[in-house]
Amino acid sequence: MSAVIENHHEDHDHGPAKGITRWLYTTNHKDIGTLYLWFSFAMFLIGGAMAMIIRAELFQPGMQIVEPEFYNQMITLHGLIMIFGGVMPAFVGLANWLVPMMIGAPDMALPRMNNLSFWILPFAFLILLSSLFMEGGAPNFGWTFYAPLSTTYAPPSVTFFIFSVHIMGASSIMGAINVVVTIMNMRAPGVGLMKMPLFVWSWLITAYLLIAVMPVLAGAVTMMLMDIHFGTSFFNAAGGGDPVLFQHIFWFFGHPEVYIMILPAFGIVSHIIETFSRKQLFGYSSMVWAMLSIAILSFVVWAHHMFTVGLPLAAEIFFMWATMLIAVPTGVKVFNWVATMFRGSLTFETPMLFAIAFVVLFTIGGLSGLMLAIVPADFQYHDTYFVVAHFHYVLVPGAIFSIMAAVYYWIPKWSGNMYDERLGKLHFWLSFVGVNVTFFPQHFIGLAGMPRRYPDYSLQFADWNMVSSVGAFLFGFSQLLFLFIVLKTVMGGKKATSQVWDGARGLEWTVASPAPYHTFSTPPKVD
Amino acid sequence: MSGGSYYVPDQSRFPIFMAFSLFLLVMGASSTINNLDDPNSNSAYILYLGFASLFLTLFFWFRQVIKEHLAGLDSNQLKQSYVYGMAWFIFSEVMFFAAFFGALFYVRTLAVPWLAGEGSKGAAITAIELWPAFESTWPVITTPDNGVEYELAEKSMAWPGWDHALKWLPMWNTIVLLSSSVTVHFAHLGLKSGNRKKFNVLLGVTVFLALIFVGLQAAEYYEAYAHYGLTLNSGIYGSTFFMLTGFHGFHVMMGGIMLAIMLARSVFAGHFEDHDHFGFEAASWYWHFVDVVWVMLFLFVYIL
Ligand code: HEM
Ligand SMILES: [Cu+2]
C-alpha cells in the first residue's frame, strides 16, 4: 500500500488503468460518470421493458397477457427502477462528468467515496430485481409503497426491498455529499458562487435536497421493517399509530424527490438554450433564485399528494396555496428560457430540439400539476390517469428529455466524436411523437375517470388506451435507436473540436475533445 | 481555496469491497429477518460475513487514509473537504432523527387524539365505531384495540415526578452524557494547547462515560421489558420510545467507538498534533451531535 503513496506524483500523467480493474477500482470522475450513465441506461431499458408489458396489457380491455398480481409487480418495479435506477443515477453521472470540469477542479472532492456510491447501485438493484424470483413475488404495492399494503399485506420480499432502499439511499447521500463538497471546496480561484454555471448551481441545490430527504426515506422504510417484523405499530391504528403517518413521511421525502429529478434538468436546459441561441441567458440570477425558492418550497407542499385521505381543512388550504406558489418560480424559469431564445440566432441541433421540447412539454406537466393542486378538483383527479399523465409529462419529456439533450450536447466532449445529426433528429422526432401520443390521451381517460394501477378498465376507455399503447411502443422502441446512436458515436465519427458548438461557453469547452483523463490538475485562471 | 495540487488518490479496491460487504450485509439481514422462525436457517452466517468484511474493509481503508495523511499528501484543501463532508454527513443524520421525531409529534398531537374521537374528521367516527373505549392520553398505555393485537405495558418511562427523580435512570443518563460532552471539549482544548496527557486522560474519561451511558441504557431497557412490560410490542408509545432511544443508543455506541479509536491512535501511535487532528475533531463533532439528540429525547420523549 505504501507503493501507492510513493507513486502518487506520477499519477497526474498516466491515463486509465488497463482492463476491467479500470472500472472496478477507479477514482476518476470521468470513469465513474461513464459507469453511472451506462448503469442508468441499462435500468432505463429494464424499466422500459416493464412499461411495455404494462402497456401491452392495457392495449385492450380485459385480461390478456399477465396476471393481476404480476401486473402490480410490474408497475411497482417500473416506478422504482425508473426513479432510483434511471433518472437519479443519470443525473449523478452527468454531475460526475461535468461538475469538476465546469468549476476547474481536478476531480470530485472525495474520489474513493465516489466509487463506493456508484458500486452500491448495481448490488442494490440486483437485490430489488431478484425479488421477482422470490416466493410471493416482487413488491406489488406501487412505488409509493403505502402502508398497510407494504406492511400487513406485503409479500415476504418486502424485507429485501427495504434493505435495498437503504443502501440505495446510502449511495445517494454519499454521492450528494461528494457533489456539495466538490462545489463548495474545489472551485478554481475566480469561480465565485454567482459565476458558477447553472448546471453546477442546480446540482448544489439538488444535492442539498438529497442529503435532507434520503435519510427521511430511510426512516420510513425502517419503521416499515419494525412494523412488519418486530411488533411496532407506527402505521397501525390498533396500536395507536396511523397509516396516514406513512404517507406524511413518505411524501416529505417524495415531493423534494420529484424536484431532485427535475432541478438538474433546469440546469442542463439553460446551458443548451444559451448555446444554441448564441446569447447569454436572459436572467442568470433570477434563475438561481428561482431554483433556490423551488427547493425551499418543496419542503412545505408534500400533502398535496394526500388531499383525499381526510386532512383537516386548514391543512388542505395551506398545502393547496403553498403548492400553487411553486408555479411562480417555475414561471420565472420558463419565461427566462423563452426570453433567452427571443431574437437569438437559433439553430436546431438535436440537443436544442430536446431542450425546446422540454420547455413546452414540461410546461404542460406543470399546468396539469397546477390543476391537481386545486383541492376540490383533485378530489376528482386523484388516483386517476390524469395524475399519471401529469407526472409522466414532467418526468419523460421533462427529466428524461433533458438527460438525452445532455448526452447529445456533451457526448462530443466525452468521446471526441460528433454524433450523427440525421439520426439524432430522427430519434428526437420519434421520441417527441411517441411521448405525446402515449401520455396526452391519458389526460382524457383520467378526466373521464379511469383509475390508475388496475390491469383492466371499462369499455369507454378502450380507444384512448389503445392509442396510448401504440405511442408507448413507438417511444419504447425508438430508444433502441438512441442506444445505437450512442454506440456509433463512441466508436467513431467526425472528430469534434474543443469548443464543439460555436456558441458554447464554459470551462469544459476549453479542454480538448475527448477530455483528457485528468483535467485541471492545476486550477485554471478564471476572471 | 488554496492553489497547488489536490490529492486525487490512485485506483483503490476498498470502495468496491465495501459495496460488496454491504451487499452481503443486507442480503444476510433480509433473509435472516425473513427466516426468524426457522431454526435451521443459515442466513445469519451471510450477515456475519457481511459485518466482518465491512469492518475489515473500513479498517484498511481508514488505515490507508491515515498513512497518506502522515505521508503529507493531503493539502489544506483536502482537509477542508473532510470538514465539509463530515458536517454534511451529520446533517443527514439529523434528518434521519427528524423522521422519528416527526412521527412522535404527529401521533402525539394528531393521530392519538383523532383515534379517541377528537376533532371533526370522519376518521374519528370510524375510530369510535371500532374502539369506542379508547381515550387519548400520552403516554398511550392502553392501545386503541385494548391489547388485542398488542401487549399492554403497565407503566411508561415518563418523568416520575421530583420525588423519584434521583432513582430515575434517564436523569443520570442526561448527567453522564452532558458531562461527556464537556470532557471531550476540554480534551480538545488540551490537544490544541499541546498537552497530550490532558488529552488522553479526558478523552479516556469521555469513552468511560460513553460506556456508562450505554450500560445505564441497557439497564433501563431491562427494567422496561422485565418490570414494566413495556416492549416494542406495546403500541405506539413503545414503538416511538424504543426506536428513538434505540437509534440514539446505537449512535452513542458508534460515537463511543470512534472516540475509543481516536484514544487508541493517540496513546499507542502518537497520532494527532496540536494543529492537525481532524480525525478526532470529526469524532467529537459526532459526539456533540449525539448529545444534542439526547437533550431533545430527554425533553420530548421523557419529560413532556
Ligand atoms: C408546477 C409544478 C407542479 C405541481 C403544482 C405539481 C402538483 C402535483 C400534485 C397536486 C400531485 C398529486 C396528484 C394526486 O395524486 O392527486 C402531483 C403528483 C405527482 N407529481 Fe407533480 N407537480 C408539479 C411538478 C412536478 C414535477 C417537476 C415532477 C417530477 C419531475 C412531478 C412529479 C409528480 C409525481 C411523480 C406525482 C405522482 C406521484 C404518485 O402518486 O405516484 N411533479 N403533482
Ligand atoms: Cu408533489
Side-chain angles (χ1 to χ4, degrees), chain A residues 1-2 4-5 7-8 11 17 21 24-27 106-107 109-112 115-116 119-120 123 127 156 159-160 163-164 166-167 173 177 180-181 184-185 187 189 211-213 215-216 218-220 223 226 229-234 237-242 245 248-249 310 312 521-523, chain B residues 1 3 5-6 8-16 18-20 22-23 26-27 29-30 33-34 36 64 67-68 71 73 77 80-81 84-85 88-89 91-93 95-96 98-100 102-103 106-107 111-112 115 119 121-123 140 143-145 148-150 232-233 235-237 239 243:
Chain A
M1 270 174 212
S2 56
V4 176
I5 297 173
N7 281 338
H8 131 269
D11 284 358
T21 67
L24 299 183
Y25 303 153
T26 183
T27 49
D107 206 297
L110 303 162
R112 281 177 287 219
N115 175 306
L116 172 61
W119 277 106
I120 287 176
F123 290 118
I127 298 175
T159 316
F160 290 86
F163 279 102
S164 85
H166 266 306
I167 60 175
I173 292 171
I177 289 180
V180 174
V181 176
M184 288 172 73
N185 196 35
R187 277 172 284 134
I211 303 173
V213 301
V216 176
M223 290 179 211
M226 298 305 290
H229 293 290
F230 300 102
T232 58
S233 62
F234 286 102
D242 188 350
L245 171 61
H248 279 296
I249 301 176
S521 295
T522 47
Chain B
M1 277 171 283
S5 73
Y6 191 85
V8 178
D10 212 346
Q11 283 202 325
S12 167
R13 287 159 206 251
F14 300 126
I16 197 166
M18 183 150 161
F20 185 66
L22 286 173
F23 171 67
V26 297
M27 280 305 273
S30 314
I33 291 176
N34 271 3
L36 281 178
Q64 166 90 355
K67 268 191 186 170
E68 290 166 8
L73 295 177
Q77 201 187 356
Q80 189 61 35
S81 286
Y84 283 133
W88 283 98
F89 169 64
F91 173 60
S92 79
E93 292 272 49
M95 292 308 293
F96 182 75
F100 287 88
Y106 178 81
V107 291
V112 170
L115 277 169
K121 300 308 295 178
V140 176
T143 54
D145 71 345
V148 174
E149 222 176 300
Y150 295 96
L232 274 174
N233 207 2
I236 193 63
Y237 175 71
S239 308
M243 291 309 285

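Protein chains get the first letters and strands the later ones, always in sequence-line order, with residue 1 at the start of each.
With a 4.5 angstrom heavy-atom cutoff, A:Val180 touches chain B only via side-chain atoms. Heavy atoms closer than 4.5 Å to chain A are found in both the backbone and the side chain of B:Gln80. Heavy atoms of B:Met243 lying under 4.5 Å from chain A belong exclusively to its side chain. Heavy-atom distances place the side chain of A:Pro111, and not its backbone, under 4.5 Å from chain B. Heavy-atom distances place no part of A:Ser164 under 4.5 Å from chain B, backbone and side chain included. Contact annotation for B:Tyr237: neither backbone nor side-chain heavy atoms come within less than 4.5 Å of a heavy atom of chain A. Contact annotation for B:Ala103: both backbone and side-chain heavy atoms come within less than 4.5 Å of a heavy atom of chain A. In this structure, chain B has a heavy atom under 4.5 Å from the side chain of A:Ile173, while its backbone stays farther away. The part of A:His248 that comes within reach of chain B is its side chain, from C-beta onward, which places non-hydrogen atoms under 4.5 angstrom from that chain.
The shortest non-hydrogen separation linking B:Pro144 to A:Gly240 is CD-N, 3.4 Å. Shortest non-hydrogen contact noted between A:Val216 and B:Met95 is CG2-O, 3.7 Å. B:Ser81 approaches A:Leu110 most closely through the heavy-atom pair CB-CD2, 4.4 Å.
In this structure, the side chains of A:Phe230 and B:Leu36 come closer than 4.5 Å at one or more pairs of heavy atoms. Two residues are said to be in side-chain contact when any heavy atoms from C-beta on lie closer than 4.5 Å; B:Ile33 and A:Phe163 meet this criterion. Between B:Met27 and A:Ile127 the shortest side-chain heavy-atom distance falls below 4.5 Å.
For the pair A:Asp242 (side chain) and B:Val107 (backbone), a donor-acceptor distance under 3.5 Å is absent. Formation of a donor-acceptor pair under 3.5 Å by the B:Tyr6 side chain with backbone atoms of A:Ala109 is found in this model. When atom types are taken as modelled, the side chain of B:Ser92 and the backbone of A:Ile211 share no donor-acceptor pair closer than 3.5 angstrom. Under the 3.5 Å distance criterion, the side-chain polar atoms of A:Thr232 are left unmatched by any main-chain donor or acceptor of B:Leu232.
Put simply, CG on B:Leu22 and CD1 on A:Ile167 are 6.0 Å apart, with the number rounded to the nearest 0.5 Å. For the atom pair CZ (A:Arg112) and CG (B:Asp10), the distance works out to 9.5 Å, reported to the nearest 0.5 Å. Atoms CD1 and CE, from A:Ile120 and B:Met18 in turn, are 6.5 Å apart once rounded to the nearest 0.5 Å. Going from atom CD1 of A:Ile177 over to atom CZ of B:Phe91 covers 10.5 Å, rounded to the nearest 0.5 Å.
For the set A:Ala238, A:Gly239, A:Pro215, A:Gly231, the count of heavy-atom pairs under 4.5 angstrom toward chain B peaks at A:Ala238. With respect to chain A, the highest number of heavy-atom pairs below 4.5 Å among B:Val140, B:Asn233, B:Ile16, B:Val148 belongs to B:Ile16.
Using a 30° and 60° split on the angle between ring planes, B:Phe100 and A:Phe234 fall in the perpendicular class, above 60°.
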